[in-house]
Each structure stands twice: as C-alpha cells, then as structure tokens.
**Student:** 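Below you will find the structure I want to go over with you.
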Amino acid sequence: AGDEAAAAAAAPAAATGPDFAAELGGEDKLSVEQLHIILDTFGATAEKITACHPERFEERALLFWEFFEVLMQSCRELEAGATQTPLAEGIPKLVQTLLAYKGLADQSFVTLPAAPAGEDGSEEAFGEDDN
C-alpha cells in the first residue's frame with residue numbers, strides 16, 4: 001500500500017514536467033549571472049576557436065577537441081568576468097549544468113537547436129564520406 005501511495009504522489013509531478021529551477025539550479029551548478037557571462041561571450045568564443053575553419057561562421061561546427069576548448073574558454077570568461085569565478089570552481093559547475101541540461105534533453109523536456117543546413121538546404125552540413 002505504501003508503494004501505491006508513493007506512486008500516486010509522484011504521478012502529478014511527472015505529468016507536469018520537471019522543476020527546471022531545481023534541476024538546473026543549486027550550489028553545484030552555474031548561477032544565472034554566470035550563465036549570462038557564458039551566453040554573452042559564447043559567439044566570440046566559438047568564432048575564435050573555429051577561426052581556421054574554411055566555412056562561413058554560420059556554417060561551422062565544433063570538432064571534437066574544439067568543444068573542450070570552448071568549455072575551457074567559457075570558464076576563463078567566468079574567471080575574468082564580473083563573478084571572477086576561479087577555474088577550479090567554474091569548470092565543475094559548468095559541467096554539472098551541462099549534464100543537467102543533457103538529462104532534461106534526454107527526457108525531451110528541452111531541445112537542442114537544429115544542425116546548420118548545408119548549401120543545398122539539406123540538414124546535412126557536411127558531405128558524405130565516399131569510404
């Protein structure tokens with residue numbers, strides 16, 4: 001009977017969706033101010049990291065290692081920004097925030113932006129390998 005009561009109590013919460021503030025907030029994740037610093041500098045960071053790519057900026061995608069370079073530069077922006085968050089604190093907070101967001105995306109509560117379209121209008125921005 002206790003299991004049924006617990007399941008019944010959890011059902012309304014599951015039907016309404018997650019508490020985004022609880023999922024994405026907390027001492028182990030980035031604050032709203034820290035998120036704003038990253039969002040405000042993200043375009044310039046991505047442009048700097050992908051500067052050697054031959055594609056126009058709007059068509060670029062991060063290579064595997066560039067993703068980590070963007071994460072590190074974002075944490076450096078936190079250190080230099082208004083919050084002056086030390087790297088040793090900013091890195092784990094950014095990782096925990098991204099993991100929380102990924103968990104919400106995996107459950108289809110949030111979506112990621114669409115991939116850039118190729119020149120022919122297709123969703124595939126990169127050509128197929130002939131191998």
Side-chain angles (χ1 to χ4, degrees):
D3 290 337
E4 291 173 8
T16 60
D19 178 354
F20 288 103
E23 293 286 331
L24 296 171
E27 292 293 318
D28 64 329
K29 297 179 188 80
L30 296 172
S31 69
V32 172
E33 185 179 10
Q34 291 167 323
L35 282 170
H36 279 288
I37 291 171
I38 290 175
L39 293 174
D40 291 345
T41 59
F42 189 81
T45 295
E47 188 168 8
K48 177 181 174 183
I49 300 297
T50 61
C52 293
H53 288 218
E55 306 88 7
R56 291 181 309 159
F57 178 68
E58 301 79 28
E59 296 172 347
R60 294 177 193 168
L62 293 174
L63 300 174
F64 177 77
W65 61 87
E66 290 173 332
F67 170 76
F68 298 101
E69 289 181 48
V70 168
L71 292 182
M72 285 303 301
Q73 183 59 36
S74 294
C75 290
R76 288 184 188 104
E77 296 292 346
L78 288 175
E79 190 172 41
T83 61
Q84 297 188 343
T85 307
L87 285 177
E89 187 179 316
I91 293 169
K93 284 186 174 199
L94 178 57
V95 169
Q96 290 305 313
T97 302
L98 291 173
L99 287 173
Y101 186 89
K102 183 187 176 308
L104 292 169
D106 288 346
Q107 298 172 51
S108 299
F109 290 119
V110 295
T111 58
L112 296 172
E119 288 182 22
D120 62 357
S122 69
E123 290 186 27
E124 183 62 44
F126 304 102
E128 296 285 327
D129 276 345
D130 292 338
N131 302 2

**Student:** Calculate, to the nearest 0.5 Å, the distance between atoms CG and CD belonging to D28 and Q96 respectively.
**Tutor:**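 It is 5.5 Å, given to the nearest 0.5 Å.
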
**Student:** Can you name the nearest heavy-atom pair linking I37 to A82, along with the distance?
**Tutor:**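 Heavy-atom minimum between the residues: CD1-N, 3.9 Å.
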
**Student:** Please check: side-chain N/O of Q107 versus main-chain N/O of G103, any donor-acceptor pairing under 3.5 Å?
**Tutor:**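 Looks like yes, one N/O pair under 3.5 Å.
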
**Student:** Side-chain contact test, heavy atoms from C-beta onward, threshold under 4.5 Å: evaluate it for V70 versus S74 and give yes or no.
**Tutor:**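 The answer is yes; the side chains approach within 4.5 Å.
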
**Student:** Could you check whether any side-chain heavy atom of R60 comes within less than 4.5 Å of a side-chain heavy atom of E47, counting everything from C-beta outward?
**Tutor:**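 SC-SC contact between R60 and E47 confirmed.
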
**Student:** I need the L104 CG to L99 CG distance, nearest 0.5 Å.
**Tutor:**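 So the gap between those two atoms works out to 11.0 Å.
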
**Student:** For atom CZ of F42, decide whether the heavy atoms of other residues, nucleotides or ligands shown that lie under 6.0 angstrom number more than 12.
**Tutor:**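 No, the 6.0 Å shell around CZ holds no more than 12 heavy atoms from other groups.
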
**Student:** Provide the closest heavy-atom pair for Y101 versus L24 in the form atom of the first, atom of the second, distance.
**Tutor:**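 Closest approach of Y101 to L24, heavy atoms only: N-CD2, 3.8 Å.
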
**Student:** Could you tell me if the side chain of I91 sits less than 4.5 Å from the side chain of M72, heavy atoms only?
**Tutor:**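 In short, these two side chains touch, coming nearer than 4.5 Å.
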
**Student:** Out of V95, T97, L98, T83, which one pairs with L30 under the side chain to side chain contact (heavy atoms under 4.5 Å, CB included) rule?
**Tutor:**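 One option only clears the test, and that one is T97.
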
**Student:** For the residue pair E77 and Q73, confirm or rule out a side-chain donor-acceptor distance under 3.5 Å.
**Tutor:**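 Yes, because at least one side-chain N or O of E77 sits under 3.5 Å from a partner of the opposite role on Q73.
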
**Student:** Just verifying a value: how many Å separate I38 CD1 and L71 CG, rounded to the nearest 0.5 Å?
**Tutor:**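 The CD1 atom of I38 sits 8.5 Å away from the CG atom of L71.
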
**Student:** Which heavy-atom pair separates R76 from L87 by the least distance, and what is that distance?
**Tutor:**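 So the two residues come closest at N-CD2, 3.9 Å.
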
**Student:** Looking at every heavy atom in both L78 and Q34, which two are closest together, and how far apart are they?
**Tutor:**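 Closest pair (atom of L78, atom of Q34, distance): CD2-O, 3.4 Å.
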
**Student:** Over all heavy atoms of both residues, which pair between E23 and P18 is shortest? Give the atoms and the distance, please.
**Tutor:**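 Residues E23 and P18, closest heavy atoms: CG-CB, 4.1 Å.
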
**Student:** Using 0.5 Å steps for rounding, measure from the NZ atom of K93 to the CG atom of L35.
**Tutor:**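 K93 atom NZ to L35 atom CG measures 10.5 Å (nearest 0.5 Å).
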
**Student:** What's the shortest heavy-atom distance between F67 and L62, and which atoms?
**Tutor:**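 Between these two residues, the closest heavy atoms are CA-CD1, 3.9 Å.
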
